[in-house]
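Computation of the quantities below employed the complete heavy-atom set of this structure, encompassing side-chain atoms and omitting hydrogens, waters and symmetry-equivalent molecules. Count residues from 1 along the sequence. Just so you know, ligand 1 is whichever comes first in the structure, and atom 1 is the first atom listed for that ligand.
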Amino acid sequence: QYGYTLPGWRKYNLTYRIVNYTPDMARVDVDEAIQNGLEVWSGVTPLTFTKISKGIADIMIAFRTRVHGRCPRYFDGPLGVLGHAFPPGLGLGGDTHFDEDENWTKDGAGFNLFLVAAHEFGHALGLSHSNDQTALMFPNYVSLDPNKYPLSQDDINGIQSIYG
Ligand SMILES: O=C1CC=C(NS(=O)(=O)c2ccc(-c3ccccc3)cc2)CC1=O
Ligand SMILES: [Ca+2]
Ligand SMILES: [Zn+2]
């Protein structure tokens, strides 16, 4: 009874939908950053992600500002919180929102969408924050080279403890 594994998804084939796009980046670059952010995790688990363009997906992705829709969490304008994601579950579960008041980029300027997305998707899959400085799930944003930013062993241990 001691200890517990964080609740994960009870299925491996998940769907996602990009509900709206940030004007900061080309649509194809947003699609690519999101897809790569998900592939970081599917690469080390049996999870698969299928993109749908309408209807309700497990992971609904949207760019929002301040108070938005029925979301219980708000954004704070430029800087500060960059995004938030809800742990696995029905309804809001898995949904991931990015703060549109940030400057989203696909390179080192502003905030790299791929990096933040990969971090938020960790939450959407059931991971909490890590105290390992090198972990993707570390609570503070570090702008590293997104092309070489692998998962740390801590991230892999975490996700495989849920979807091993
Ligand atoms: O649940 C929360 C609450 C606050 C958060 N702060 S954030 O949006 O500014 C944020 C911080 C760090 C990252 C990050 C960390 C490591 C690698 C890449 C991004 C992403 C977003 C992020 C988050 O997921
Ligand atoms: Ca913000
Ligand atoms: Zn939100």
Per residue Asp99, nearest N, O or S atom to the Ca ion (ligand 2) is named OD2
Could you identify the N, O or S atom of Asp76 positioned closest to the Ca ion (ligand 2)? OD1
Hey, are Glu100 and Thr22 close enough side-chain-wise for a donor-acceptor pair under 3.5 Å? yes
Has Val81 got an N, O or S atom lying less than 3.0 Å from the Ca ion (ligand 2)? yes
Would you check if the Ca ion (ligand 2) lies under 3.0 Å from any N, O or S atom of Phe75? no
Between His97 and Arg64, which heavy-atom pair has the shortest distance, and what is it? CG-CG, 4.4 Å
Closer than 3.0 Å to the Ca ion (ligand 2): does that hold for any N, O or S atom in Leu82? no
Arg73: heavy atom below 4.0 Å from ligand 1, yes or no? yes
Does ligand 1 come near enough to Leu82 that some N or O of the ligand is less than 3.5 Å from an N or O of the residue? yes
Could you name all protein N, O or S atoms found under 2.8 Å from the Zn ion (ligand 3)? His68 NE2, Cys71 SG, His84 NE2, His97 ND1
Would you say the side chains of Asp132 and Ser130 form a donor-acceptor pair under 3.5 Å? no
Which ligand 1 atoms does Asn140 reach within 4.0 Å, using its non-hydrogen atoms? 12 (C), 15 (C), 16 (C)
Closest N/O/S atom of Glu102 to the Ca ion (ligand 2), by atom name? OE2
What angle, to the nearest 10°, do the atoms O (Leu79) and O (Gly77) form about the Ca ion (ligand 2)? 80°
Quick check on Ala85 - does any of its heavy atoms sit under 4.0 Å from an atom of ligand 1? no
Is His84 in contact with ligand 1, taking contact as a heavy-atom separation below 4.0 Å? no
